[in-house]
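Residue numbers run from 1 in the order of the sequence given. Note that the coordinates shown come from a computational prediction; the quantities given were computed from them, not determined experimentally.
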Amino acid sequence: MAVDDDWESLLDGHPIFSQSNTVTSDDPLELSLSSLQNFTNDEESDDGSAPSGRRRVMCMKDADLIVACRSEVRMTSLGDAKVSGGSQRTYKVLHTPNIQFNIHQICLSPNKKLLAVAGAFQVTVIVLPRSGFSKMVTSRIDCKSLQIGQHYHTSSMSPVAKIDWHPWGEAGSTLLVMTVDGKLREYDVSSDPDGPRKTLDFISEKKRGAYAAVDESEREVASFTFGKGKADWGPLTIYALMRSGDIYAICPYLPENSSIPSSYLHALECFVSAKEEFVSENNEVVDESFSTLYDYQRKFVNGLLKQLPDGVPFPSSSRSISIHAPKSFGGKAARQGPFLLQPSPPELEGSPSGDATDIVYLTLGSAFMDDEADSEVSSLASERLGVLLIAFQDGRVDVCLDLEKVEARWDSKQPSPGGLPMLAVYEVIDLGFISTLAPGSGYPDATTLDLLQGNHPVFHPDPIHDDTVYAYHAFGVHVLNLNPIFQNLAAAMKEEDEQTLKETVQSSTHTTVQAILSTYSVERKSSDPVTSVVIPNDVYLTYSIFILTSTMRVVTFALNLRTESLDPPEPSEKQHDTSALPALLPASGPPAYVSLLTTQSFALPAALSRPMGFPTIAKLSLPKSHSIKDELRLTPETLRYLGTVAERISGEVHDAVIACHALKSRADFQKQEYERLQKKFTEIVVRAQNVAGPRKREIQERAKKLQDEQARMLGRMDRVLQALIKKASPELNEHETRWFEELQRMKAQVQGVGRYDQDSLKSRIRQLQNEFERLLPSLKDLAKKEAERKAQLEESNSGAGVSYVKAYERLSKEESTKLENAMKQIVKLAGKLEISGLSSPPS
């Protein structure tokens, strides 16, 4: 059984996906023109079943699946279900009496012990049961739950836009709640779940008595996300997205009680120090406001570094340090924005426009990382490109590069240096909602376009691959793979030539977009909105994706893990050190062997290449009310849809046939090449055996003969050379004779005429050496006595005899220098006269 079929059989019909008993026929589980009003009613005050907004009602805790159905939270173990082969299809209900509202969002804490649930207005935190809960007999498990912000999150207050846990919250207990009115409240669940520890305002207050033509969508928050980075202010940045598409940021933001890696604090200190050094070196060019800004940043970083415990040097292995927001630094972080999008992203053709719905921040690290460097050091030092994705109701997705990263700024009376922040719009993606609502060539009518008002695309990043993100919405699920962009930009940033860099960026590829699930019925003009996407990140579960619709129908796909490059590794220098070997030049003329295959590696045809494992045509998941057994009504929309699908299928069949022929041709070539290589290998083996057998002995004998002949020729050459010398000059000339006589005279003068010649230099040197050795002990005694006398004089009268001692020392040094020079001259003269046997002078 295939993996995807296995999960399909395990989850299909699982009771955890059964509808709640409280569901009535009036509940709008299906998005259609008749139920559109229920999806777009923003004035819902009773926390209705489906007001518009974010949906996420399913998540994973290791191998446990958590699903929220209306006001009920269910939990089951997929690991046990997989081991049992689907025989144990049970779930437990987490009994939480505090939850009396329909759950729209659930979010698991970083420590996987707490679950935050939110409705349209209320927020609650549930303490999850420990592992092994599935072995309990009862179907209900009593769990402790805490109401969050009872006075701030009620039906009379602003609705909840998004909830999320801060990744650096201490003990994983820092919950952030963003409401539509732009207030982001921080709650420390472990200490005070009722009152927020901090409140950030992303919407400025309206001035009384002033009139401003501002659209309401510019003052309503749709979503928020955390920034990322390694050695900058990215992790301390929060981005907020307005319904109008405006983006604001607040930096720095740090939870009241946080746990930060020590390596990040040291890297941030180096970043701020580099900024200060740049300002000091370019003080005449840089504005003074930058100096003030970096002074504030230095004070903030110093407030964090003071909390580091002793014995945390840098560089060292990173560890989490408990840090509190600096209280000595009383500045309020400034709201930065709105961001300037350059160039301005264009509207989609035929789109009635729509509100922004979600934002996500992705970072690129692997494409820029140096493979030869250490992983931890390389991740800190390598360039990490930030990308912001913004989704809209009409299916538009803006891909923005964060080239000028946000820095920490605080409110002040002086104008902010640098102006408004900027994002570079790389491309605009069309998810195809308009073409889905209008199959064929024409545009949809106004009534069909109204379905976009109930659409709310939400991003879900892949937990394994940083460059992959899933967008689920009212009409299905799309996967966005940014790896082609990242790889091309990484290659461009590594280019040193500016012209090459410009050409690489201009020829950049686009994001790979693929629809993997479609829930829109062309016949009924209705859809089951997707409410959650989950990707298990557990070693005991298969890498796959689970998609849940509003009718509690689950669809699964098996995903493919990306493999590393198949290219062989570079040989190490220790194993293959060929630096001392001469270069082997290729032989002139045609090569000895020509392969039938090309030099480039074979690539699979595009029709058969599915790196992510998804089918090329999106899987159709129609509402359960629409059965295949029902009579199919042929309408123009149905015929156009069937024609489009049939055309795509026939095209893919044609491409598959072409790819099959290409593979068959490649296989035939490889078979022929294999036979040729076998024959050539046999020839090489025969030649090698000949070289190792009789051929080797023949070569050795020939080499020995060559050596003997070489020795004989060298001897003959020496004899010929001697004969030529005798023939050219048989007798010595006058100058040579006088030179040899002079040498004989110098030798007699140095060594003497006889054995006992007392006038020779050798005898005189020996006498001088004996006299020196005889006088040396007396001189040493005198020097010792002189030192004692000098010490006594210094003790008796420290001020007397100083000039005498200095004069004596000066004369002694001069005599010692003369004696050393004389000895050097004697040794040098003896060397020239080739006199040996002289002992070394005494030291």
Evaluate the side-chain proximity of [Y] to [X]: yes if any heavy-atom separation is below 4.5 Å, no if none is.
X	Y	result
L114	L128	no
L482	L389	yes
R319	P309	yes
I260	I321	no
E427	T511	yes
Y361	L388	yes
T179	H153	yes
Q342	V425	no

So with a 6.0 Å cut-off around [atom1] of [X], is the heavy-atom count from everything else above 12?
X	atom1	answer
F546	CZ	yes
H324	NE2	yes
K198	NZ	yes

Out of curiosity, [X] [atom1] to [Y] [atom2], how far, rounded to the nearest 0.5 Å?
X	Y	atom1	atom2	value
D194	Y152	CG	OH	9.5 Å
C59	K112	SG	NZ	10.5 Å
K144	I126	NZ	CD1	13.0 Å
L340	I247	CG	CD1	11.0 Å
L480	T512	CG	OG1	9.0 Å
Y543	I464	OH	CD1	5.0 Å

* So among V360, D355, I359, which one has a side-chain contact (heavy atoms from CB on, under 4.5 Å) with L241? ->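 Among V360, D355, I359, the one that satisfies the side-chain contact (heavy atoms from CB on, under 4.5 Å) with L241 is I359.
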Q | Which residues share a ring pair (Phe, Tyr, Trp, His ring centres under 6.0 Å) with F202, sequence neighbours left out | A |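 Ring pair (Phe, Tyr, Trp, His ring centres under 6.0 Å) list for F202, sorted by chain: empty.
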Look at the rings of H166 and F226 and say which category their plane angle falls in: under 30° parallel, 30 to 60° tilted, over 60° perpendicular.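 Plane angle over 60°, so perpendicular.
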Plane angle bin for Y239 and F339 - parallel if under 30°, tilted between 30 and 60°, otherwise perpendicular =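 Rings of F339 and Y239: tilted, as their planes differ by 30° to 60°.
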Shortest non-hydrogen separation from [X] to [Y] and the atoms involved:
X	Y	result
W233	C251	CB-SG, 3.6 Å
I238	L176	CD1-CD1, 4.3 Å
A68	I103	CB-CG2, 3.8 Å
R219	I203	O-CD1, 2.8 Å
V177	V123	CG1-CG2, 4.1 Å
Y294	E276	O-OE2, 3.5 Å

Please check if the side chain of [X] supplies one atom and the backbone of [Y] the other of a donor-acceptor pair under 3.5 Å.
X	Y	result
T174	G169	no
Y296	A408	no
S158	V180	yes
W168	L254	no
S173	A171	no
S280	E277	yes
Q336	E407	yes

Without hydrogens or angle criteria, can the side chains of [X] and [Y] be said to hold a donor-acceptor pair below 3.5 Å?
X	Y	value
R54	T357	no
N98	T96	no
S258	E170	no

- Task: I would like to know whether Y472 and V477 meet side-chain contact (heavy atoms from CB on, under 4.5 Å); could you show each step before the answer?
- Result: CA-CA 4 Å; Y472 62 94; V477 180; 3.9 Å; yes
NZ or CZ of K162 within 45° of F224 ring axis and under 6.0 Å
yes
Quiz item: Does K275 make a cation-pi contact with F278, if we ask for NZ or CZ under 6.0 Å from the ring centre and within 45° of the axis?
Solution: no
**Message:** Determine whether M60 and L78 satisfy the following criterion, side-chain contact (heavy atoms from CB on, under 4.5 Å), listing intermediate values before the conclusion.
**Reply:** CA-CA 10 Å; M60 292 290 300; L78 294 183; 3.9 Å; yes
Regarding D201 and R335, does a basic nitrogen lie under 4.0 Å from an acidic carboxylate oxygen?
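Looking at D201 and R335, the cut-off is not met.
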Across all chains, not counting sequence neighbours, the side-chain contact (heavy atoms from CB on, under 4.5 Å) partners of S244 are S217, E218, M242, D246
Stepwise side-chain contact (heavy atoms from CB on, under 4.5 Å) check, E186 with E256:
CA-CA 9 Å; E186 172 195 332; E256 194 69 23; 3.6 Å; yes
Working for side-chain contact (heavy atoms from CB on, under 4.5 Å), residues I485 and V387 | CA-CA 11 Å; I485 295 179; V387 177; over 6 Å; no
